[in-house]
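Quick caveat: nothing in here was measured; it's all calculated off a predicted structure.
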Amino acid sequence: MLHHLLGHADLKTAAALIGGPFLFMLGGLLFKKAVFRLWSPSRGARLVGLAALAPLSLSMSPLVLSVATTAVLAGVAAFESLAMRRRESLSHGKRVSDP
């Protein structure tokens, strides 16, 4: 699929590179809503970020678009990891700043 990494992305490539992570994030968002009865603000924000890449995607190279979508997913992972640590710290009666 990525045989021309440095050229401009065509519509099929852009749809795959953005659509895959978008569906993954949407599935995670709906899962959290169904199971835990809460919306994940980080996933919602990242869905908007992925959607914002769509108009720019045809002017980007597939390599840059891949890096951008990976950065979006890494941002969600980092945010949710920090949020989980915070919840664990609060559930044990410690403040977040306590070691």
Side-chain angles (χ1 to χ4, degrees):
M1 177 166 92
L2 296 178
H3 53 290
H4 298 292
L5 291 176
L6 300 177
H8 291 289
D10 62 348
L11 187 59
K12 292 183 287 186
T13 302
L17 291 174
I18 294 173
F22 188 88
L23 288 175
F24 174 75
M25 298 301 300
L26 182 63
L29 182 73
L30 295 174
F31 173 78
K32 285 190 174 222
K33 177 62 177 167
V35 173
F36 301 114
R37 305 234 186 264
L38 58 99
W39 290 104
S40 173
S42 67
R43 287 184 186 260
R46 301 304 174 170
L47 280 172
V48 171
L50 285 171
L53 285 175
L56 305 171
S57 64
L58 297 179
S59 64
M60 295 176 158
S61 73
L63 181 61
V64 171
L65 189 56
S66 295
V67 169
T69 56
T70 301
V72 168
L73 294 175
V76 170
F79 180 83
E80 290 192 359
S81 176
L82 292 172
M84 188 172 14
R85 283 186 185 174
R86 180 175 169 86
R87 281 191 296 267
E88 287 175 359
S89 294
L90 293 175
S91 69
H92 295 299
K94 292 192 280 185
R95 291 182 304 191
V96 178
S97 61
D98 290 344

Nearest-0.5 Å distance, CG of residue Leu30 to CH2 of residue Trp39: 6.0 Å
Straight-line distance of Phe24 CZ to Leu47 CG, nearest 0.5 Å: 11.0 Å
Heavy-atom side-chain contact between Ser57 and Ile18 under 4.5 Å: yes
Single-linkage hydrophobic cluster Leu26~Val76, side-chain heavy atoms < 4.5 angstrom: yes
Pair Met60-Leu53, side-chain contact (heavy atoms from CB on, under 4.5 Å): steps then yes or no: CA-CA 10 Å; Met60 295 176 158; Leu53 285 175; 4.1 Å; yes
Heavy-atom side-chain contact between Leu38 and Lys33 under 4.5 Å: no
Interatomic spacing from CG in Leu73 to CZ in Arg43 - rounded to 0.5 Å: 9.0 Å
Check: Ala77 main-chain N/O paired with Ser81 side-chain donor or acceptor under 3.5 Å: no
Closest non-hydrogen atom pair, Thr13 against Pro62: CG2-CB, 4.2 Å
Ion pair Arg85/Glu80, N-O distance below 4.0 Å: no
Between CG on residue Leu17 and OG1 on residue Thr69, distance to nearest 0.5 Å: 5.5 Å
Joint hydrophobic cluster, Val67 plus Leu56, side-chain heavy atoms closer than 4.5 Å: no
